Amino acid sequence: MEIDQQLDIITDRAVDLVSRDELRRKLEQARAANRPLRVKYGADPSAPDIHLGHVVGLNKLREFQDLGHLVVFIIGDFTGMIGDPSGRSDTRPPLTRAQVQDNARSYQEQVFKILDPRRTEVRFNSEWCAPLKFEDILRLTAKITVARMLAREDFQKRMQANFPVSLVELLYPLVQGYDSVMVDADVEIGGTDQLFNLLVGRDLQKAFGKEQQSVLTLPLLEGLDGNRKMSKSLGNYVGVTEPPDAMYGKLMSIPDELMWRYFELVLCRPASETVSRQQALAAGKLHPRDLKDELAQAVTGKFHGAEAAAAAAVEFKRVFAEHQLPKDMPEVVLPADQFKDNRIWVAALIVAAGLAESNAAARRLVQQGAVRLGDQKITDPRADVEVATGCILQVGKRGFARLTR
RNA sequence: GGUGGGGUACCGAAGUGGUCAACCGGGGCAGACUGUAAAUCUGUUGGCUAUGCCUUCGGACGUUCGAAUCGUCCCCCCACCA
């Protein structure tokens, strides 16, 4: 494939690129020397679940692999102890070695849903970070200035808002950059919030007399709420190991305007497709629900196969469009001691079925008209009800239980 | 080390002796509507079968008929100056 063609693929969807000329040169040199580029990508093992936000980066890595390049996937078991200050995350609790290893294992499993394992080198950065002596660290810190670190936007903002910035956070980019030195990265990719860290990698490589990595950033995918970036701690994520029904349902719940981002960033659909579809939508030729269904099925299918995705779609239509009962629902055996004269208080029933956290919450749900038992709506929060085995309790749109006495 | 400002429910943030289970916003949940768990609007958001009772406003003791609010001690956080 022509170099320019490769460049086009690589830079598609990219936000920052340092720099195009440099990357072209690297591609040319790699071809001449008949060796793959080493494309670095780092992941923090503090949260073991890969979600669609990560998939944006993984997709890009896969494109590199399909062009014959090698992905150096770094598991930041050492940096994980610091916590990435990007996007002003809170201080994270330190992980035990066992946790890190567990997380790292599930990470690899999940990552290879997208990456090609034959073209991936997995490394733990404790390999070279743990042996560092304090003296080595001093040498490392001498290579970068305070002003350079403080120039970073996150830090600026936090300091202006009187949010704390710890010294160790200042060191984070340094460690990440040191990784680049140690693995001889030719290219590093990350989200746009990683730009600073990635550039520090270049600085350090230069300071160590090595070739500087090219840097490429990708957009941050918004989470289900449509505003903030997808992250596990915000709870607005879709994990790649979630069951098909949950995955499909979550995707159907994103705001309509967000669909395009998911089409482009998760499914790598071309921007031109977005434009033509937006026009068709405006003209009334396409229905947003159908488009979102396509999105949800395609994404679910990417991780679970088309068949499972189609089944999830059918189930979703049954439950939410036609308001029918779901095919599967949890079976709940009710404790006999809750019954008096063969009846049970409705709030206690809901709690026993696991559909509310407390009697008070259950009462509120009843008052709001969210509760059905069999084909009957229950509106009196003080009602005592009879329950026959096989009877179905519904709480809200999504809460179901098949009851057993 | 010095000075100042803080710690309130999931988050942010009011409240500075009783009318406070605690305004308001975000988030969550529910209902209506619908095109979907979109959008919009409305309600709700400590616990207890409950016109009341219990637990909660960094912690511990106090003062008071009564404390998130006052006092003492302690813990923690932030900024500025050194």
Side-chain angles (χ1 to χ4, degrees), chain A residues 88-91 155-167 169 222-228 230-238 242-263 278 281 284-297 299-300 309 312-324 326 337-341 343-352 354-372 377-385 393-400:
Chain A
R88 109 172 131 87
S89 51
D90 298 325
T91 313
F155 291 152
Q156 288 287 323
K157 276 191 186 152
R158 281 163 64 176
M159 291 198 297
Q160 267 165 30
N162 282 2
F163 284 126
V165 177
S166 79
L167 203 53
E169 288 180 291
E222 291 83 358
L224 300 176
D225 56 299
N227 286 317
R228 297 165 304 172
M230 182 174 284
S231 86
K232 191 173 189 197
S233 56
L234 291 173
N236 61 354
Y237 72 105
V238 182
E242 291 194 56
D245 283 350
M247 196 178 263
Y248 183 92
K250 280 187 173 183
L251 287 161
M252 287 303 277
S253 83
I254 64 172
D256 287 355
E257 310 78 67
L258 205 56
M259 286 192 292
W260 318 111
R261 297 279 286 174
Y262 280 57
F263 270 121
Q278 282 174 331
L281 202 67
K285 287 180 196 153
L286 278 177
H287 195 293
R289 181 206 46 214
D290 297 334
L291 267 179
K292 211 190 279 181
D293 168 65
E294 183 193 324
L295 171 73
Q297 280 204 55
V299 175
T300 306
V314 168
E315 179 73 356
F316 185 88
K317 271 187 203 93
R318 190 207 334 263
V319 178
F320 296 106
E322 294 160 22
H323 302 291
Q324 313 240 343
D337 61 357
Q338 297 273 1
F339 284 82
K340 228 182 276 170
D341 296 335
R343 286 170 169 268
I344 182 170
W345 179 35
V346 62
L349 170 67
I350 293 165
V351 172
L355 295 174
E357 291 201 337
S358 65
N359 290 353
R363 294 170 65 103
R364 271 181 242 123
L365 287 165
V366 173
Q367 271 163 351
Q368 290 177 125
V371 177
R372 297 184 144 267
K377 191 174 196 170
I378 298 178
T379 50
D380 177 9
R382 295 201 292 185
D384 294 316
V385 295
L393 176 69
Q394 180 175 6
V395 177
K397 293 191 183 87
R398 295 202 271 156
F400 296 92

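When reading the values below, keep in mind they use all heavy atoms of this one structure, side chains included, and skip hydrogens, waters and symmetry mates. Quantities reported herein were computed from a predicted structural model and do not represent experimental measurements.
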- Note on the structure: Under a 4.0 Å heavy-atom criterion, the protein footprint on nucleotides 42-52 of chain B, written with B, S and -, is -BSS-SSBB--

- Query: How would nucleotides 8-13 of chain B be written as a contact map, 5' to 3', with B for base contact, S for sugar-phosphate-only contact and - for no contact, using protein heavy atoms under 4.0 Å?
  - Reply: ------

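The gap from the P atom of B:rU64 to that of B:rA21 amounts to 23 Å, rounded to the nearest Å. Taking atom C1' in both B:rC65 and B:rC70, the straight-line distance is 16 Å, to the nearest Å. Straight-line distance between the P atoms of B:rU8 and B:rA68: roughly 16 Å, to the nearest whole Å. Comparing the C1' positions of B:rU36 and B:rU40 gives a spacing of 15 Å, expressed to the nearest Å. Separation of the P atoms belonging to B:rG52 and B:rU19 is 13 Å when rounded to the nearest angstrom. Distance check on atom P: B:rG5 versus B:rU55 gives 34 Å, rounded to whole Å. Nucleotides B:rG62 and B:rA67 place their P atoms 13 Å apart, quoted to the nearest Å. If you take atom P in B:rA14 and the same atom in B:rC76, they sit 25 Å apart, rounded to whole Å.
For B:rG31, one of the phosphate oxygens OP1 or OP2 lies less than 4.0 angstrom from a side-chain nitrogen or oxygen of A:Lys397.
Remark: RNA chain B forms stems of 3 or more consecutive Watson-Crick or G-U wobble pairs, all pair distances under 3.5 Å, at B:1-7 with B:75-81, B:10-12 with B:24-26, B:27-32 with B:40-45, B:46-48 with B:52-54, B:58-62 with B:70-74.
Taking atom CG of A:Asn227 as the reference point, atom P of B:rG28 lies 10 Å away to the nearest angstrom. Here the C1' atom of nucleotide B:rU40 and the CG atom of A:Asp256 are 13 Å apart, to the nearest Å. To the nearest angstrom, C1' of B:rU36 lies 6 Å from NZ of A:Lys292. Across the protein-nucleic acid pair, A:Asp225 atom CG and B:rA39 atom P stand 10 Å apart, rounded to whole Å. The separation between A:Leu281 atom CG and B:rA39 atom C1' is 13 Å, rounded to whole Å. Atom CD of A:Glu322 is separated from atom P of B:rU34 by 16 Å (rounded to the nearest Å). Between the CG atom of A:Leu355 and the C1' atom of B:rA30 there is a distance of 14 Å, rounded to whole Å. Whole-Å rounding puts the A:Arg228 CZ to B:rG27 C1' distance at 7 Å.
Between A:Ile378 and A:Val385, some side-chain heavy-atom pair lies under the 4.5 Å cut-off.
When A:Asp293, A:Val299, A:Val314 are each tested for a side chain to side chain contact (heavy atoms under 4.5 Å, CB included) with A:Tyr248, only one passes: A:Asp293.
Here the closest heavy-atom approach between residue A:Ala246 and residue A:Glu242 is recorded as CB-OE1, 3.8 Å. When all heavy atoms of A:Phe263 and A:Leu291 are compared, the closest pair comes out as CZ-O, 3.5 Å. Shortest non-hydrogen contact noted between A:Gln297 and A:Ala309 is O-CB, 3.3 Å. Across every non-hydrogen atom of A:Lys292 and A:Asp256, the tightest pair is NZ-OD1, 2.9 Å. In plain terms, the two heavy atoms of A:Ala296 and A:Thr300 that are nearest each other are O-OG1, 2.6 Å. Looking at every heavy atom in both residues, A:Ala356 comes nearest to A:Ile350 through CB-CG2, 3.5 Å.
Nucleic acid contact for A:Pro255: sugar-phosphate only, since backbone atoms but no base atoms lie under 4.0 Å from a heavy atom of the residue.
Distance alone, capped at 3.5 Å, is enough to place a donor-acceptor pair between the A:Asp225 side chain and the A:Asn227 backbone. A:Gln367 contributes no side-chain N or O that, together with a main-chain N or O of A:Gly369, makes up a donor-acceptor pair within less than 3.5 Å.
To the nearest 0.5 angstrom, A:Ile344 atom CD1 is 5.0 Å from A:Leu349 atom CG.
Taking the centre and axis of the six-membered ring of A:Tyr237, the NZ or CZ atom of A:Lys250 falls inside the cone set by 45° and 6.0 Å.
A residue-by-residue look at A:His287 and A:Gly396 shows that A:Gly396 has its nearest nucleotide of RNA chain B further toward the 5' end. Of the two residues near RNA chain B, A:Val395 and A:Ala321, the one whose nearest nucleotide lies more 5' is A:Val395.
Using a 4.0 Å cut-off between a side-chain N of Lys or Arg and a carboxylate O of Asp or Glu, A:Glu222 and A:Arg228 do not qualify as a salt bridge.
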